[in-house]
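The structure appears right after this line, and notes come after that.
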Amino acid sequence: MIHKAVKVRLYPTSEQQVILSQHFGCARWWWNYALNKSIETYKETGKSLGQSALNAFLPTLKKEQETIW
C-alpha cells in the first residue's frame, strides 16, 4: 500500500488570521472545559462522560453571558 501526502502552505490575510485565532481559541477553551468536566464527573461518580453528554452542555454554554463570544 502506497501512501501519498501533499504539503500545503497557507498565507491567510490579517483578517483571516484574526478569525482563525478566534476559532482556535474557542476550540481550545471548549476542549479544556470538557476535559475538566469529565475529570470532575469521574471523581464524583466513578463514570466518565461521553461525547454526547459533553455536547449537551454546548447550547446552555452558548447562551451564558460569559461565553457569548
For this session: State plainly whether one hydrophobic cluster holds both Leu54 and Trp29, where clusters connect Ile, Leu, Val, Met, Phe, Trp and Tyr through side-chain heavy atoms under 4.5 angstrom apart.
Result: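 Result: yes, single cluster for both.
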
For this session: State whether the number of non-hydrogen atoms from other residues, nucleotides or ligands found under 6.0 Å of Gln51 atom CD is greater than 12.
Result: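 12 or below, so no.
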
Exercise. Leu49 and Ser38: which non-hydrogen atoms are nearest, and at how many Å?
Worked result: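 So the two residues come closest at CB-OG, 4.2 Å.
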
Problem set entry | Gln16 (side chain) donor-acceptor with Thr13 (main chain) under 3.5 angstrom |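 A pair under 3.5 Å: yes.
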
Exercise. Taking the six-membered ring of Phe57 as reference, does the NZ or CZ atom of Lys37 fall below 6.0 Å from its centre and within a 45° cone about the axis?
Worked result: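 Relative to the ring axis of Phe57, which defines the angle, Lys37 lies inside both limits.
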
For this session: Quick one: pull up OG1 in Thr45 and CD in Glu40 and give me the separation to the nearest 0.5 Å.
Result: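 Thr45 OG1 to Glu40 CD: 11.0 Å, rounded to 0.5 Å.
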
For this session: Carefully, step by step, assess Trp30 and Leu61 under the rule side chain to side chain contact (heavy atoms under 4.5 Å, CB included).
Result: CA-CA 10 Å; Trp30 169 245; Leu61 282 173; 3.6 Å; yes

For this session: Please examine the side chains of Arg9 and Tyr11, heavy atoms only from C-beta on, and report whether any two atoms are closer than 4.5 Å.
Result: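 Side-chain contact under 4.5 Å: yes.
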
Exercise. Stepwise, does the side chain to side chain contact (heavy atoms under 4.5 Å, CB included) test hold for Val8 with Val6?
Worked result: CA-CA 6 Å; Val8 178; Val6 177; 4.0 Å; yes

